[in-house]
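On a predicted model such as this, the values are computed, not experimentally measured, just so you know. Index from 1, following the sequence.
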Amino acid sequence: NVHVSGKARDIFEHMGDEFKKKQEYSKSIYYYQLCTCEKLALKKAGIFLKLGEAFRLGRFVNTSYDKAFSYYKKACELNDKDGFCWLGYCYEKGYGTSKDLAMAVQLYQKADQMGSSLASGYLGTMYAMGKGGLPKNMDKAEFLWKKAANAGQISAVRNLVKLYEKIKKNQTEFQKWSKKLEQLEKK
C-alpha cells in the first residue's frame, strides 16, 4: 500500500504543479491538499510550505492563519529550514498562535543555521530592533542582512541600503547595495 500511496501522492503533486503553471490556483491547492491525506504519509515539506503560503496569504483560498500555522508546523516535523522560518514568522506576527517573539527568534536561528537566507534577514531585523530577548546589535543585524542579501533576499538589501544611508553613513556601501537593489527590482 505504501508504494501505491507514494504514486498517488506524486500524481497529486504533479497535478498541483501543472495547475499552478496554468495559473489555475484553486485546482492547484485542491491537489496539494490531497497530497496531505494521512493515508498517503506525506514526507515532502514542499507541499506543506505551498499550502501554508496559500492560507497565510489567502491565495485562492480564504485566509486562514490557523491552517497556515498547521502546515508550517508539519514542514518543521520534516526538519525543513523554510518550515522553521515561516513558523517563526507566524510566532512573530501571532498568525495561528499567540505572538511569541522569543519563540520566533529561536525558530529563525534554527532556520538560519540550516541555511535559510530568509530567516537570516528576519533574524537580522530582530537584532536591529532588539526584539525577542535579543540585545539591539546593529553589527549582528548587518552581518545577517548581508548573508541574506548575498542570497538575493530583496528585503535584506533594502535594510542594508537604509543602514548605510542613515545609520552608518557609508557612501561606498550605500552605493553598492543601492545598485544591487536596483538590479533585483528589475527582475
Side-chain angles (χ1 to χ4, degrees), residues 45-59 63-187:
I47 296 296
F48 293 126
L49 293 172
K50 289 174 187 176
L51 288 168
E53 179 180 332
F55 282 102
R56 178 176 52 86
L57 299 174
R59 287 204 174 140
T63 300
S64 171
Y65 295 135
D66 291 336
K67 285 183 181 179
F69 182 85
S70 175
Y71 284 124
Y72 291 141
K73 194 170 184 180
K74 288 179 181 184
C76 289
E77 291 167 6
L78 296 171
N79 207 33
D80 184 83
K81 65 183 180 182
D82 294 320
F84 287 111
C85 178
W86 286 114
L87 193 63
Y89 186 82
C90 288
Y91 276 105
E92 180 182 353
K93 302 297 181 186
Y95 289 171
T97 187
S98 56
K99 196 177 218 181
D100 185 339
L101 297 180
M103 178 60 78
V105 165
Q106 287 178 19
L107 291 164
Y108 288 153
Q109 288 172 328
K110 183 171 182 70
D112 174 60
Q113 290 166 358
M114 294 173 79
S116 169
S117 60
L118 187 58
S120 301
Y122 286 143
L123 188 57
T125 300
M126 298 297 262
Y127 271 106
M129 300 173 91
K131 286 188 172 183
L134 296 175
K136 187 172 182 173
N137 184 333
M138 293 309 291
D139 291 334
K140 186 75 172 170
E142 177 184 16
F143 170 79
L144 289 162
W145 286 336
K146 280 186 176 180
K147 186 175 172 183
N150 286 324
Q153 291 297 328
I154 197 165
S155 58
V157 176
R158 284 189 185 110
N159 288 335
L160 288 169
V161 168
K162 290 178 198 171
L163 175 73
Y164 292 122
E165 178 184 29
K166 298 179 179 177
I167 299 169
K168 293 206 172 187
K169 301 194 188 297
N170 181 327
Q171 196 61 32
T172 305
E173 288 292 311
F174 170 73
Q175 289 174 347
K176 171 186 166 183
W177 292 106
S178 292
K179 185 177 180 179
K180 176 139 181 149
L181 179 60
E182 195 176 298
Q183 292 169 344
L184 288 172
E185 287 177 334
K186 286 182 181 178
K187 289 183 179 180

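Annotation: side chain to side chain contact (heavy atoms under 4.5 Å, CB included) contacts of Leu184 (sequence neighbours excluded): Ile154, Val157, Lys180, Lys187. With sequence neighbours excluded, the residues that form a ring-ring contact (aromatic ring centres under 6.0 Å, His included) with Phe69 are Tyr91. For Glu185, the side-chain hydrogen bond (donor to acceptor under 3.5 Å, both in side chains) test picks out Arg158, with sequence neighbours left out. The ring-ring contact (aromatic ring centres under 6.0 Å, His included) test applied to Tyr127 returns no partner, not counting sequence neighbours. In terms of the side-chain hydrogen bond (donor to acceptor under 3.5 Å, both in side chains) criterion, residue partners of Tyr164 (sequence neighbours excluded) are, by chain and number, Glu142, Lys146.
Of all the heavy atoms in Ala149 and Ala156, the pair that sits closest is N-CB, 3.7 Å.
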Between side-chain atoms of residues 101-108 and protein atoms elsewhere (two or more places apart, or another chain), which donor-acceptor pairs fall under 3.5 Å?
unit_1: Tyr108; atom_1: OH; unit_2: Tyr89; atom_2: N; d: 3.4
unit_1: Tyr108; atom_1: OH; unit_2: Glu92; atom_2: OE1; d: 2.5

Going by atom type alone, with no hydrogens or angles, which donor-acceptor pairs under 3.5 Å involve a side-chain atom of residues 48-58 and a protein atom two or more places apart or on another chain?
unit_1: Lys50; atom_1: NZ; unit_2: Asp17; atom_2: OD1; d: 2.8
unit_1: Lys50; atom_1: NZ; unit_2: Tyr32; atom_2: OH; d: 3.4
unit_1: Glu53; atom_1: OE2; unit_2: Arg59; atom_2: NH1; d: 2.3
unit_1: Arg56; atom_1: NE; unit_2: Tyr72; atom_2: OH; d: 3.0

Please report, to 0.1 Å, the donor-acceptor pairs under 3.5 Å made by any side chain of residues 114-126, with sequence neighbours excluded.
unit_1: Ser116; atom_1: OG; unit_2: Ala119; atom_2: N; d: 3.1
unit_1: Ser117; atom_1: OG; unit_2: Gln153; atom_2: NE2; d: 3.2
unit_1: Ser120; atom_1: OG; unit_2: Asp112; atom_2: OD1; d: 2.4
unit_1: Ser120; atom_1: OG; unit_2: Ser116; atom_2: O; d: 3.2
unit_1: Thr125; atom_1: OG1; unit_2: Gly121; atom_2: O; d: 3.2
unit_1: Thr125; atom_1: OG1; unit_2: Trp145; atom_2: NE1; d: 3.3

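Judged as a side chain to side chain donor-acceptor pair (under 3.5 Å), the pairs with a partner in residues 131-141 (not counting sequence neighbours) are, in order, Asp139-Lys168. Pairs engaging residues 96-105 under the salt bridge (charged side-chain N to carboxylate O under 4.0 Å, His left out) rule: none recorded [sequence neighbours left out].
From Glu173, atom CD reaches atom CD of Glu165 across 14.0 Å, with rounding to the nearest 0.5 Å. To the nearest 0.5 Å, atom OG of residue Ser178 and atom CD of residue Gln175 are 7.5 Å apart. Asn170 CG to Leu160 CG: the interatomic distance, rounded to the nearest 0.5 Å, is 11.0 Å. Between Leu134 atom CG and Gln109 atom CD the span is 6.0 Å, to the nearest 0.5 Å.
Contact annotation: the side chain of Lys110 approaches that of Asn79 to within less than 4.5 Å [non-hydrogen atoms, C-beta and beyond]. The closest side-chain heavy-atom distance from Lys73 to Glu77 is below 4.5 Å.
Under the 3.5 Å distance criterion, the side-chain polar atoms of Lys169 are matched with a main-chain donor or acceptor of Lys166.
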